[in-house]
Amino acid sequence: MRRPVLLVVAHGSRDPRHAATVHELVRRVRALRPGLRVETGFLDFNVPSVNGVLESLDAEGVRDVVALPLLLTRAFHAKADIPVVLAEAPPRLRIRQAEVLGPSPLLLAALERRLYEAGLTPADKSSTGVVLASAGSSDPEAIAVIADVAREWRHTGWCAVRPAFASASLPRTEQAVRELRELGCARVAVAPYVLAPGRLPDRIARGAAGADVLADVLGPAPEVAQVLLERYDAARTPVLTALGA
C-alpha cells in the first residue's frame, strides 16, 4: 500500500533565506527516506501555499497525507492556524496532523552541532554558559517547553543554560548574555533555537553581540531531518492501523 504523502507545513517569510532553508531541509529528508513523497507548503508569504498543495494532491488521486508543522513548539500556529487550513482541504483527503518537532534529544544534538561548528569544543562545555534563544511566543505552553529544554540541556554538562526570546516574552538574548557573564561563566555562547533565518533570528543575532560565540540556526541539520521522519512515522502508524495495514 502506498505510504501517505508527507506535507511539510512551513510558516513562510518575506526573507528569501527562510524558504531556501526549508527547501534544503526537505531535500535532506528525501535523501534519508528514498521513495517517500515529501511536499512543502507555506502558510504565508511563499508559494506553494498549503491549500494549493493539498488541492494538487487531491487532483492527482492522493488520499492519505501527513501534515507536519515545521515548528519547534505547540504555539498558536500549531493549535489554530494549521488546523484551520487543513480543515479547508478537499474532503476526499485523509489528513493527519503530526506533532511539532520539539522537544527532542535530537534537537539538542543539533544545537550542540551548531555550537561546535561555531568554534566550541566538548572540552568547553563546563566553562561555557549558553543562551537558548528562541523566537518567542505569547503561549504559556510554548514558553514552558523552552524553559524545560534549557533545564534539560544544562544537565548535559554546560556551565549554565538560560532561555531567551526574540519577541513576546522576556528575557531578550542580550539580557541572558549579561546574566551568564554575571554568573561567572568563562565564555558565553548563543544557540538560536530556530529553524530558518529571518527577522527574529536576525534580532537574536543582534542580541548576541556581547557573546563570545553565536551559532547558526538549526536549518537542515541531519538531526532535524531525522526528527521530521520520526514525527511522520508516529502520525502515519494510526493511519495504517485504521486501514488494516
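Everything quoted here is computed from the prediction, not taken from an experiment.
Between Leu36 and Leu229, the closest side-chain pair of non-hydrogen atoms falls below 4.5 Å. Side-chain contact between Asp58 and Arg63 is present, with at least one heavy-atom pair separated by less than 4.5 Å. The shortest side-chain heavy-atom distance between Pro122 and Tyr116 falls under the 4.5 Å cut-off. Using a 4.5 Å cut-off on side-chain heavy atoms (C-beta onward), Arg199 and Ser13 make no contact. In this structure the side chain of Arg113 reaches within 4.5 angstrom of the side chain of Pro222, judged on heavy atoms. Two residues are said to be in side-chain contact when any heavy atoms from C-beta on lie closer than 4.5 Å; Leu108 and Glu152 meet this criterion. Contact annotation: the side chain of Cys185 approaches that of Cys159 to within less than 4.5 Å [non-hydrogen atoms, C-beta and beyond]. With a 4.5 Å cut-off on side-chain heavy atoms, Pro4 and Tyr232 count as touching.
Taking both residues in full, the closest heavy atoms of Ala133 and Thr173 are given as CB-OG1, 3.8 Å, listed atom of the first, atom of the second, then distance. Nearest approach of Val190 to Ala211, heavy atoms of both residues: CG2-CB, 3.8 Å. The two residues Leu106 and Glu223 come nearest to each other via the heavy atoms O-CB, 3.3 Å. Of all heavy-atom pairs spanning Gly198 and Asp15, the tightest one is CA-OD2, 3.6 Å. The minimum heavy-atom distance between Glu39 and Val5, with the atom names listed, is CG-CG1, 4.1 Å. Contact record, Pro69 with Leu101: O-CG, 4.3 Å, taken as the closest heavy-atom pair.
With Leu72 as the fixed residue, the side-chain contact (heavy atoms from CB on, under 4.5 Å) test singles out one of Val224, Ile146, Val149, Leu218: Leu218.
Residue Val130 is not grouped with residue Val188 when hydrophobic side chains (ILVMFWY) are merged at heavy-atom distances under 4.5 angstrom, including chains of intermediate members. The hydrophobic clustering, which links ILVMFWY residues whose side-chain heavy atoms are closer than 4.5 Å, places Val131 and Val145 apart. Residue Val85 is grouped with residue Ile95 when hydrophobic side chains (ILVMFWY) are merged at heavy-atom distances under 4.5 angstrom, including chains of intermediate members. In this structure, Val194 is not a member of the same hydrophobic cluster as Val213, with clusters built from ILVMFWY side-chain heavy atoms closer than 4.5 Å. Leu93 and Leu43 fall within a single hydrophobic cluster, where Ile, Leu, Val, Met, Phe, Trp and Tyr side chains are chained together by heavy-atom contacts under 4.5 Å.
With values rounded to the nearest 0.5 angstrom, Leu132 atom CG is found 6.0 Å from Leu111 atom CG. Here Leu200 contributes atom CG and Phe165 contributes atom CZ; the two are 12.5 Å apart, rounded to the nearest 0.5 Å. Atom-to-atom distance recorded for Leu120:CG and Asp212:CG is 8.5 Å, nearest 0.5 angstrom. Atom OG1 of Thr128 sits about 8.5 Å away from atom CG of Leu115, to the nearest 0.5 Å. Once rounded to the nearest 0.5 Å, the distance linking CG of Leu228 with CG of Leu25 reads 5.5 Å. Going from atom OG1 of Thr237 over to atom CZ of Arg96 covers 9.0 Å, rounded to the nearest 0.5 Å.
A salt bridge links Glu179 with Arg162: at least one charged nitrogen is closer than 4.0 Å to a carboxylate oxygen. Using a cut-off of 4.0 Å between Lys/Arg side-chain N and Asp/Glu carboxylate O, Glu60 and Arg37 are scored as salt-bridged. We find that Arg3 and Asp64 are not joined by a salt bridge, their nearest charged nitrogen and carboxylate oxygen being 4.0 Å or further apart. We find that Asp233 and Arg33 are joined by a salt bridge, their nearest charged nitrogen and carboxylate oxygen being less than 4.0 Å apart. Under a 4.0 Å N-O distance rule, the pair Asp139/Lys79 qualifies as a salt bridge.
Looking only at distances, a side-chain donor or acceptor of Ser167 sits under 3.5 Å from a matching main-chain atom of Ala135. With hydrogens and angles ignored, the 3.5 Å screen pairs a side-chain donor or acceptor of Gln97 with a backbone N or O of Ala78. Without hydrogens or angle criteria, Lys125 side chain to Thr156 main chain gives a donor-acceptor distance under 3.5 Å. In terms of modelled atom types and a separation under 3.5 Å, the side chain of Asn46 and the main chain of Ala19 share no donor-acceptor contact. No donor-acceptor pair closer than 3.5 Å links the side chain of Arg74 to the backbone N or O of Leu71. Using modelled atom types, one side-chain atom of Arg231 and one backbone atom of Val100 make a donor-acceptor pair closer than 3.5 Å. With hydrogens and angles ignored, the 3.5 Å screen pairs a side-chain donor or acceptor of His18 with a backbone N or O of Gly12. At distances below 3.5 Å, not a single donor-acceptor pair connects side-chain atoms of Arg17 with backbone N or O atoms of Ala196. Here the side chain of Ser56 pairs a donor or acceptor atom with the backbone of Gly52 at under 3.5 angstrom. Judged by distance alone, with hydrogens and angles left aside, the side-chain atoms of Arg203 form a donor-acceptor pair with the main-chain N or O of Ala166 at under 3.5 Å.
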Report the C-alpha separation of Glu88 and Asn51 in whole Å, then their side-chain angles, then the decisive distance to 0.1 Å, and conclude whether the side chain to side chain contact (heavy atoms under 4.5 Å, CB included) test is met.
-> CA-CA 8 Å; Glu88 298 170 350; Asn51 281 333; 3.4 Å; yes
Go through Thr21 and Leu195 one step at a time and tell me if the side chain to side chain contact (heavy atoms under 4.5 Å, CB included) criterion holds.
-> CA-CA 8 Å; Thr21 302; Leu195 289 166; over 6 Å; no
Checking side chain to side chain contact (heavy atoms under 4.5 Å, CB included) for the pair Tyr193/Val217: CA distance, chi angles, key distance, verdict?
-> CA-CA 7 Å; Tyr193 191 53; Val217 298; over 6 Å; no
List the steps and the verdict of side chain to side chain contact (heavy atoms under 4.5 Å, CB included) for Leu32 and Gln226.
-> CA-CA 8 Å; Leu32 286 175; Gln226 187 60 50; 4.2 Å; yes
Check step by step if side-chain hydrogen bond (donor to acceptor under 3.5 Å, both in side chains) holds for Ser127 and Arg187.
-> CA-CA 7 Å; Ser127 58; Arg187 65 185 63 79; 2.7 Å; yes
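Ring-plane geometry between Trp158 and Trp153 is classed as perpendicular, the angle between the planes exceeding 60 degrees on a 0 to 90 degree scale with a lower cut at 30.
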